[in-house]
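So the structure is just underneath, and the comments pick up after that.
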Amino acid sequence: RHQARPALTSFAGVGPLIRFALRRDRIRLSVWVGVLTLTMVYAPNAVRLAYPDEAQRQARVDMLKTPAGIMLGGPMFGGNETDLGVMMANELMLTLIVATSILAILTVIRHTRADEESGAAELVLSSVVGRHARTAAALVVTAAVNAGLAVTMTLAMAASGFAVLDTAAMCVGVTAVAMVFGAAAAVSAQLWRQARTASGMAMAALGAAVLVRGAGDVIDNSGSALS
């Protein structure tokens with residue numbers, strides 16, 4: 001006898017879904033944000049401690065100019081390759097991009113396909129919720145997490161003595177790429193029924209991007225079109 005009112009728009013209910021997702025994931029997301037933020041403190045100080053002088057840093061840079069080093073880190077951009085900030089941008093960005101992209105993919109799939117498999121989506125859809133609300137809420141939560149990460153990682157590196165503007169540019173670049181793969185996860189969630197398959201395809205897209213970037217930089221380490 002009792003039926004939910006039809007949703008007024010296809011995005012009806014996005015706000016409550018966002019709040020619900022943040023409440024569900026508050027511990028999980030806090031751990032991710034905390035670990036990635038602490039990485040921005042640990043990495044530069046570890047390199048500063050392990051390679052205190054110019055000669056040692058130059059030896060590290062030369063080692064990372066090998067094909068294997070370029071695949072794992074990237075080309076050595078920057079006017080002063082042994083500057084600690086340049087080293088962090090060259091060596092740390094790829095790792096951060098992969099980590100934040102994995103977080104974005106898992107978050108989007110968790111609140112789309114995974115909820116359908118667990119039956120939570122059926123409860124949600126029995127209320128006044130538009131057909132696109134769940135996907136939109138997942139993307140908004142992912143964007144909010146990445147925005148928060150950009151701020152916390154910037155503050156962490158600035159506290160280690162780096163210029164705020166330079167650090168902000170690096171961190172926004174990292175989180176912007178993560179949003180691209182979060183969007184890819186939203187697409188894969190529409191194409192595959194199982195959450196594992198959908199997340200696996202989005203992860204495959206991330207892995208392919210890393211490999212293509214690496215191959216491009218090995219071919220031309222000044223910045224190729226593939227990179």
Side-chain angles (χ1 to χ4, degrees), residues 32-106 146 149-150 152-154 156-185 199-227:
W32 271 95
V33 171
V35 170
L36 290 171
T37 301
L38 288 175
T39 299
M40 305 300 279
V41 177
Y42 169 77
N45 286 292
V47 172
R48 186 184 286 121
L49 182 64
Y51 304 94
D53 58 50
E54 183 78 12
Q56 291 175 326
R57 292 184 184 180
Q58 186 61 55
R60 180 181 175 87
V61 169
D62 292 339
M63 178 185 67
L64 291 175
K65 285 184 177 180
T66 61
I70 291 173
M71 286 290 293
L72 293 174
M76 296 292 106
F77 293 131
N80 181 8
E81 295 175 338
T82 58
D83 177 79
L84 186 59
V86 176
M87 292 176 72
M88 289 299 98
N90 285 329
E91 300 176 26
L92 192 59
M93 278 192 71
L94 180 62
T95 301
L96 291 172
I97 285 172
V98 171
T100 54
S101 296
I102 290 173
L103 172 59
I105 290 169
L106 294 178
N146 280 312
L149 269 174
T152 59
M153 291 193 302
T154 298
M157 288 201 76
S160 298
F162 297 99
V164 175
L165 185 60
D166 297 340
T167 304
M170 172 180 164
C171 295
V172 169
V174 168
T175 53
V177 176
M179 278 307 302
V180 172
F181 289 101
S199 60
M201 295 306 296
M203 296 283 190
L206 172 61
V210 171
L211 289 176
V212 169
R213 190 279 318 162
D217 285 334
V218 169
I219 294 169
D220 179 6
N221 62 14
S222 64
S224 68
L226 285 175
S227 180

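Hydrogens, waters and symmetry mates are skipped; everything else that's a heavy atom, side chains included, is used.
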Query raised in the report: Does the side chain to side chain contact (heavy atoms under 4.5 Å, CB included) test come out yes or no for Met170 and Leu96, once each step is laid out?
Result: CA-CA 10 Å; Met170 172 180 164; Leu96 291 172; 4.1 Å; yes
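- Taking every heavy atom of both residues into account, Ala99 and Trp32 meet most closely at O-CZ3, 3.5 Å.
- Considering CZ of Arg60 and CG of Asp62, their distance stands at 12.0 Å, rounded to 0.5 Å.
- The two atoms that bring Ala178 and Ala104 nearest to each other are O-CB, 3.4 Å, heavy atoms only.
- Leu106 has its side chain within reach of Met203: a pair of non-hydrogen atoms, C-beta onward, lies under 4.5 Å apart.
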Report task. Report the C-alpha separation of Leu211 and Met71 in whole Å, then their side-chain angles, then the decisive distance to 0.1 Å, and conclude whether the side chain to side chain contact (heavy atoms under 4.5 Å, CB included) test is met. Result -> CA-CA 8 Å; Leu211 289 176; Met71 286 290 293; 4.1 Å; yes
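- Closest approach of Ser160 to Arg48, counting heavy atoms only: O-NH2, 3.4 Å.
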Requested in this report: List the steps, then state whether side chain to side chain contact (heavy atoms under 4.5 Å, CB included) holds for Met87 with Leu92.
Outcome: CA-CA 8 Å; Met87 292 176 72; Leu92 192 59; over 6 Å; no
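- How far CE of Met157 is from OG1 of Thr39: 11.0 Å, rounded to the nearest 0.5 Å.
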Query raised in the report: When you look at Leu36 and Thr100, which way does the side chain to side chain contact (heavy atoms under 4.5 Å, CB included) test go after all the steps?
Result: CA-CA 8 Å; Leu36 290 171; Thr100 54; 3.8 Å; yes
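- Proximity of Leu94 to Arg213: side-chain heavy atoms (C-beta onward) are separated by under 4.5 Å at one or more points.
- Looking at Leu64 and Glu91, their side chains come closer than 4.5 Å, going by heavy atoms from C-beta outward.
- Across all non-hydrogen atoms, the minimal contact from Ala150 to Thr154 is O-OG1, 2.6 Å.
- What you find for Gly216 and Leu226 is that their closest heavy atoms are CA-CB, 3.7 Å.
- We find that Asp53 and Arg57 are not joined by a salt bridge, their nearest charged nitrogen and carboxylate oxygen being 4.0 Å or further apart.
- To the nearest 0.5 Å, the span separating CG on Asn90 from CD1 on Ile70 amounts to 10.5 Å.
- Inter-residue side-chain proximity for Leu49 and Asn45 is flagged as unmet; no heavy-atom pair is nearer than 4.5 Å.
- Proximity of a side-chain donor or acceptor of Thr37 to a complementary backbone N or O of Gly34 within less than 3.5 Å is not detected.
- Counting only heavy atoms from C-beta outward, the side chains of Leu149 and Leu103 approach each other to under 4.5 Å.
- Phe181 approaches Ile105 most closely through the heavy-atom pair O-CG1, 3.6 Å.
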